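What you see is a predicted model, and the numbers here were worked out from it, not measured in a lab.
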Amino acid sequence: MTPQEGHTPSPAPLQEPIQPEVNANAEEGVQESSGPEARETPRSPLLVLNYGDSSTLGRKRRATYQRLMTLLNRWEYQRRSIIRMDLTTANGGDPSKLSDHYEELIRRIKRKTGVEDIQYWKMTTREGNGVIHAILAGNVSLYVDQKWLSEEWEKIHGAIIVYVKRYRGGPLSRGRVSRYLVSQYMSGQDAQAHVSWTWKTTFNVPIVKFWKQFKAASRGLHIKKIVKYWDRLIRDETVEFGPWACSLARGWYVLPEWEWAAEAPPWA
């Protein structure tokens, strides 16, 4: 196939045969000052199936891990400024207000830093009196010091214990942070951990559905290759599967005479 003018040339097609069958099983406290970057031992940056022992993570946590890895990969590709942030609820505080108070804190961070475009991933858990573990990504330099964050969170939510740290980036850091957050804070409380993220502004497509289609299209490949080509897709490359191809920006390409298809691929 010949890419349109101005579009990144497509890589060579995959050599392994693709079985176009549906096989998608992906689903839609305060830590110490050292942070997860320092407390996790570096391992493989691939999916949880290749990052430590996957048997320690249930299906929901594997899906959460994969989505967080995808987000971080996308943000790093976009050269965003990324920080890790934890927010607590004080004794006697109201954890039901965590979400609203988090949104107010984001507004204050925008005013403080001048960064209007802030995307995020956050997990709300019932640790202690209620905790939010978040990752923020700004389109320009984004950082607030811990003293300011503690003072503002006390004004908003009545709690002074917070954590903030710059995210270093890179495949090892991406794997460590994702694994740490998912295994540390979802373990034993899957039903109590609520995860939300800015998928619309980050991808502009329903990325969970896209991942399911991608897994179905790549059935028959080893998981390492699936992750490798998914990472290329997240970084705005066009990936080919024999007669099929996909692009995050353009959708699915189904045979040359069909051109780029707006509808779902035949295996979806």
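In this structure, I82 and L136 have side chains that are not in contact, with every pair of non-hydrogen atoms separated by 4.5 Å or more. Residues H194 and M123 fail the side-chain proximity criterion, which asks for heavy atoms closer than 4.5 Å. Between L71 and W199, every side-chain heavy-atom pair lies at or beyond the 4.5 Å cut-off. Counting only heavy atoms from C-beta outward, the side chains of K112 and W148 approach each other to under 4.5 Å. Counting heavy atoms from C-beta on, the side chains of H101 and W153 come closer than 4.5 Å. Residues W75 and I135 are in side-chain contact: their nearest non-hydrogen atoms beyond the backbone lie under 4.5 Å apart. Between S150 and K147, the closest side-chain pair of non-hydrogen atoms is not below 4.5 Å. Under the 4.5 Å side-chain criterion, counting only non-hydrogen atoms from C-beta, S178 is in contact with L72.
Note on D236 versus R74: salt bridge recorded, some NZ/NE/NH1/NH2 to OD/OE distance being below 4.0 Å. Look at E151 and K155 and you find no salt bridge, because none of the NZ, NE, NH1 or NH2 atoms lies under 4.0 Å from a carboxylate O.
In this structure, I83 is not a member of the same hydrophobic cluster as Y77, with clusters built from ILVMFWY side-chain heavy atoms closer than 4.5 Å.
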### Message
Set out, in order, the CA-CA distance, both residues' side-chain angles and the distance that settles side-chain contact (heavy atoms from CB on, under 4.5 Å) for R179 and Y65, then state yes or no.
### Response
CA-CA 7 Å; R179 174 78 180 194; Y65 177 93; 3.8 Å; yes
### Message
Under the criterion side chain to side chain donor-acceptor pair (under 3.5 Å), I'd like the reasoning laid out for E76 against Y167: C-alpha separation, chi angles, the key distance, then a yes or no.
### Response
CA-CA 10 Å; E76 289 180 35; Y167 170 78; 2.5 Å; yes
### Task
Dump the intermediate steps for side chain to side chain donor-acceptor pair (under 3.5 Å) on N139 and R80, then the final yes or no.
CA-CA 5 Å; N139 61 324; R80 286 182 168 268; 4.9 Å; no
### Query
Step by step, would you call L233 with C246 a side-chain contact (heavy atoms from CB on, under 4.5 Å)?
CA-CA 8 Å; L233 187 74; C246 59; 3.7 Å; yes
### Task
Evaluate the criterion side-chain contact (heavy atoms from CB on, under 4.5 Å) for residue pair K122 and V195; output intermediate values, then yes/no.
CA-CA 6 Å; K122 72 180 176 75; V195 177; over 6 Å; no
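A distance of 14.0 Å separates CZ in R232 from CG in L248, rounded to the nearest 0.5 Å. K209 contributes atom NZ, which lies 12.5 Å from atom CD1 of I207 (distance to the nearest 0.5 angstrom). For the atom pair CD1 of I223 and NZ of K228, the computed distance is 14.0 Å after rounding to the nearest 0.5 Å. Within the model, atoms CD1 of I234 and OG1 of T70 stand 5.0 Å from one another, a figure rounded to the nearest 0.5 Å. The distance from the NZ atom of K165 to the CG atom of D86 is 12.0 Å, given to the nearest 0.5 Å. The CG atom of N129 sits 10.5 Å away from atom CG of D94, with the distance rounded to the nearest 0.5 Å.
The backbone N or O of I161 sits less than 3.5 Å from a side-chain atom of T88, completing a donor-acceptor pair. The closest donor-acceptor contact from the side chain of T198 to the backbone of Q119 lies at 3.5 Å or more, if one exists at all. Under a 3.5 Å cut-off, the side chain of H222 and the backbone N or O of K224 do form a donor-acceptor pair. Side chain of S81 to main chain of G138: no donor-acceptor pair is present (N/O by atom type, distance under 3.5 Å, no hydrogens or angles).
Each of R84, H133, M85 was evaluated against Y163; a single residue qualifies, R84, per the side-chain contact (heavy atoms from CB on, under 4.5 Å) test. For the side-chain contact (heavy atoms from CB on, under 4.5 Å) criterion with E152, the lone passing option out of I109, V144, L105 is L105.
When all heavy atoms are compared, the tightest approach of R174 to N73 is CD-N, 3.5 Å. Taking each heavy atom of G158 and A90 in turn, the nearest pair found is O-CB, 3.4 Å. Closest non-hydrogen pair, V182 versus R61, comes out as CG1-O, 3.3 Å. In terms of heavy-atom proximity, V162 sits nearest to L87 at CG1-CD2, 3.9 Å.
Between W230 and F214, the ring center distance clears the sub-6.0 Å criterion. If you look at Y102 and Y120, their ring centroids are closer than 6.0 Å.
Counted within 6.0 Å of NZ on K97, heavy atoms from surrounding residues, nucleotides or ligands total 12 or fewer; the atom is thus considered open.
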